[in-house]
Amino acid sequence: MKTEDVKQAAEILRKSKRIAVLTGAGISSESGVPTFRGRDGLWRQFRAEDLATPEAFSRDPKLVWEWYDWRRGLIGNVEPNPGHRILAKWETLFPEFVLITQNIDGLHAKAGSKNILELHGNIWKLRCTKEETIMENHVSPLGDIPPRCPSCGETLRPHVVWFGESLDPDILHRAFAFSSLCEVMLVIGTSASVQPAASLPSYASDAGAKIIEVNPDPTPLTSLANISLQGKAGEILPLIDQFMSL
Ligand code: BJW
């Protein structure tokens, strides 16, 4: 990564008023949350078909819940890192700043970000499979698995989006709408391999936004990016922040 590129990214941001950020699992990896597709990624150890589809949950809710209970335990014990914190700080600096995340770990909110669109849900929310009510729940470990709805007694599921399921249409609409308006989109820590989230940067780029990517590895978006900063989010975002305030 060249210092000149970091300076240029800082300059682009400093001159902009409407910033969109798209984050993925990579931003939380420095907090100790495993990614999905990296070297130690979850999909290297577990099969998505067995754990992250509605069919898997119908087949074996206990197995799916055991996996989510384990992940809740892991996520509940970690803290936001400098990458999360800088994004929370930037939200207070720019007139319009929308943080679109694929992450379900809640670490952006824990770092202080407020204007967050959680495309794939949140691991700390449960949803009744009968009444569709959504409730916050931070109990870890959960105890009785699968947990039951306190109102109707039906099975609760994690309020996350599995493969083959639609994203919340309102959240998705807001994500695409702001992507078409923003002047800059920062794309941080995503392999850009899961749709429809992976389409947001090209949508923003087509509408005239500059794309700045932060990722240690190249992705399908690297060739689209105006600036590609190869490295860890927890190191690069504080550097950009330093240059912004010079
Ligand atoms: C660092 C770093 C550091 C490391 N700093 N960076 C069009 C074409 C083909 C298929 C489809 C399509 N449209 C829809 C589909 C089907 C499917 C899909 O996209 N499949 C592809 C895999 C091919 N999409 C869906 O099913 C979606 N639903 C949908 O579109 O409904 C309508 C529809 C359905 C079916 C057909 C057509 C239309 C739903 C997707 C739900 C994804 N769910 C998951 C699990 C969520 C719950 C949970 O966590 O348990 O979401 S899968 C998983 O992947 C998770 C993530 O949010 C998501 C994205 O992963 P992410 O964040 O990019 O992580 P990684 O691990 O892939 O990458 C990490 C990156 O970080 C790497 O690049 C590293 O280098 C980097 N990194 N350390 C910065 N320190």
Side-chain angles (χ1 to χ4, degrees), residues 1 21-57 63-72 74-75 78 80-84 86-87 99-108 116-127 157-169 171-172 175-176 186-203 212-222 225 228-240:
M1 182 221 3
V21 183
L22 173 66
T23 64
I27 194 161
S28 294
S29 71
E30 288 159 82
S31 292
V33 182
T35 63
F36 291 92
R37 298 171 184 81
R39 216 173 303 119
D40 303 318
L42 293 169
W43 297 155
R44 302 271 171 128
Q45 301 173 58
F46 304 100
R47 278 164 41 92
E49 298 85 341
D50 295 338
L51 298 163
T53 66
E55 294 78 20
F57 190 68
L63 176 78
V64 172
W65 259 121
E66 278 166 357
W67 189 61
Y68 278 93
D69 200 30
W70 166 70
R71 287 176 63 202
R72 281 162 62 101
L74 198 153
I75 292 167
V78 304
N81 65 58
H84 297 108
I86 292 289
L87 294 179
L99 177 44
I100 306 165
T101 187
Q102 297 167 84
N103 299 346
I104 61 166
D105 56 31
L107 289 176
H108 284 303
I116 310 170
L117 297 175
E118 290 180 321
L119 294 176
H120 294 161
N122 188 303
I123 201 165
W124 302 111
K125 291 181 182 168
L126 314 185
R127 189 165 86 235
R157 59 163 282 176
H159 182 54
V160 300
V161 183
W162 287 320
F163 284 113
E165 292 188 313
S166 299
L167 282 68
D168 179 307
I171 293 176
L172 192 59
F176 272 99
L186 273 159
V187 185
I188 307 168
T190 176
S191 62
S193 52
V194 173
Q195 296 294 347
S199 298
L200 289 166
S202 43
Y203 195 74
I212 301 172
E213 186 180 53
V214 179
N215 198 312
D217 295 323
T219 76
L221 291 177
T222 306
S228 167
L229 302 171
Q230 283 206 347
K232 294 180 175 180
E235 293 168 7
I236 290 183
L237 297 185
L239 263 183
I240 300 177

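Atoms within each ligand, like the ligands themselves, are counted from 1 in listed order. In what follows, every heavy atom counts, from backbone to side chain, and hydrogens, waters and symmetry copies are set aside.
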**Student:** Could you tell me whether atom 14 (C) of ligand 1 has a protein heavy atom closer than 4.0 Å?
**Tutor:**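 Within 4.0 Å: yes, protein heavy atom nearby.
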
**Student:** Taking the non-hydrogen atoms of Ser193, is any one of them nearer than 4.0 angstrom to ligand 1?
**Tutor:**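 Yes; Ser193 lies near enough to ligand 1 that a heavy-atom distance drops under 4.0 Å.
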
**Student:** Out of Ser28, Ala48, Gly26, who is nearest to atom 77 (N) of ligand 1 when you count heavy atoms only?
**Tutor:**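 Closest candidate by heavy-atom distance is Gly26.
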
**Student:** Counting heavy atoms only, which of Ile236, Asp105, Val161 is nearest atom 41 (C) of ligand 1?
**Tutor:**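 Considering heavy atoms of Ile236, Asp105, Val161, the nearest to atom 41 (C) of ligand 1 sits in Val161.
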
**Student:** Check His120 against ligand 1 and report side chain, backbone, both or neither, counting heavy atoms closer than 4.0 Å.
**Tutor:**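 It is the side chain that gets close, since no backbone atom is under 4.0 Å.
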
**Student:** What are the atoms of ligand 1, with element, lying closer than 4.0 Å to any heavy atom of Glu165?
**Tutor:**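 Within the 4.0 Å cut-off of Glu165, ligand 1 contributes 27 (C), 28 (N), 29 (C), 31 (O), 39 (C).
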
**Student:** Do me a favour and list the nearest non-hydrogen protein atom to atom 5 (N) of ligand 1 with residue, atom name and distance?
**Tutor:**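 Atom 5 (N) of ligand 1 sits closest to the protein heavy atom Ala233 N, 2.9 Å.
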
**Student:** Of the backbone atoms (N, CA, C, O) and the side-chain heavy atoms from C-beta on, which set of Tyr68 has a member under 4.0 Å from an atom of ligand 1: side chain, backbone, both, or neither?
**Tutor:**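 Under 4.0 Å from ligand 1, Tyr68 contributes side-chain atoms alone.
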
**Student:** I'd like the name of whichever of Asn215, Thr23, Thr35, Asp217 reaches closest to atom 72 (C) of ligand 1 through any heavy atom.
**Tutor:**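 Residue with the shortest heavy-atom distance to the ligand atom: Asn215.
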
**Student:** Would Pro216 count as a contact residue for ligand 1, given that I'm defining contact as a non-hydrogen atom of the residue lying under 4.0 Å from a ligand atom?
**Tutor:**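 So Pro216 counts as touching ligand 1.
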
**Student:** So for Ile104, does at least one of its heavy atoms come nearer than 4.0 angstrom to any atom of ligand 1?
**Tutor:**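 The answer is yes: ligand 1 sits under 4.0 Å from a heavy atom of Ile104.
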
**Student:** Given side chain to side chain contact (heavy atoms under 4.5 Å, CB included), test Thr23 with Asn103 step by step and report yes or no.
**Tutor:** CA-CA 7 Å; Thr23 64; Asn103 299 346; 4.1 Å; yes

**Student:** Determine, counting only non-hydrogen atoms of the protein, whether one lies under 4.0 angstrom from atom 1 (C) of ligand 1.
**Tutor:**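 At least one protein heavy atom is under 4.0 Å away.
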
**Student:** For Ile27 and ligand 1, answer yes if some heavy atom of the residue is under 4.0 Å from a ligand atom, otherwise no.
**Tutor:**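 Contact check Ile27 vs ligand 1: negative.
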
**Student:** What protein heavy atom is closest to atom 40 (C) of ligand 1, reported as residue, atom name and distance in Å?
**Tutor:**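 In this structure, atom 40 (C) of ligand 1 has Val194 CG1, 3.6 Å as its nearest protein heavy atom.
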
**Student:** Quick one: are Gln230 and Pro218 in side-chain contact, heavy atoms under 4.5 Å?
**Tutor:**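 Yes - at least one pair of side-chain heavy atoms lies under 4.5 Å apart.
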
**Student:** In sequence, state the C-alpha distance, the side-chain angles, and the governing distance for Gln102 and Leu22, and then conclude on side chain to side chain contact (heavy atoms under 4.5 Å, CB included).
**Tutor:** CA-CA 8 Å; Gln102 297 167 84; Leu22 173 66; 4.2 Å; yes

**Student:** Which protein heavy atom lies closest to atom 24 (N) of ligand 1, and at what distance to 0.1 Å?
**Tutor:**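 Answer for atom 24 (N) of ligand 1: Gln195 O, 3.2 Å.
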
**Student:** Just say parallel, tilted or perpendicular for the rings of Tyr203 and Phe176, cut-offs at 30° and 60°.
**Tutor:**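 Rings of Tyr203 and Phe176: perpendicular, over 60°.
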
**Student:** Which ligand 1 atoms does Gln102 reach within 4.0 Å, using its non-hydrogen atoms?
**Tutor:**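 Near Gln102, the atoms of ligand 1 are 57 (O), 59 (C).
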
**Student:** Just jot down the ligand 1 atoms closer than 4.0 angstrom to any heavy atom of Gly189, in number order.
**Tutor:**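 Listed by number with element: 6 (N), 69 (C), 70 (C), 71 (O), 79 (C).
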
**Student:** Identify the closest protein heavy atom to atom 17 (C) of ligand 1: which residue and atom is it, and at what distance?
**Tutor:**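 Protein heavy atom with the smallest distance to atom 17 (C) of ligand 1: Phe163 CD2, 3.9 Å.
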
**Student:** Does at least one non-hydrogen atom of Glu235 fall below 4.0 angstrom from an atom of ligand 1?
**Tutor:**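 No, Glu235 has no heavy atoms under 4.0 Å from ligand 1.
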
**Student:** Decide whether the shortest distance between a heavy atom of Pro196 and an atom of ligand 1 is less than 4.0 Å.
**Tutor:**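 So Pro196 counts as touching ligand 1.
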
**Student:** Once you measure the plane-to-plane angle for Phe163 and Trp43, does it fall in the parallel (<30°), tilted (30-60°) or perpendicular (>60°) bin?
**Tutor:**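 Tilted, since the angle between the ring planes falls between 30° and 60°.
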
**Student:** Drop me the distance from Leu186's CG to Ile86's CD1, to the nearest 0.5 angstrom.
**Tutor:**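 With rounding to 0.5 Å, CG (Leu186) is 12.0 Å from CD1 (Ile86).
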
**Student:** Using a heavy-atom cut-off of under 4.0 Å, does the side chain or the backbone of Lys232 touch ligand 1, or both, or neither?
**Tutor:**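 For Lys232, the contact with ligand 1 is made by both the backbone and the side chain.
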
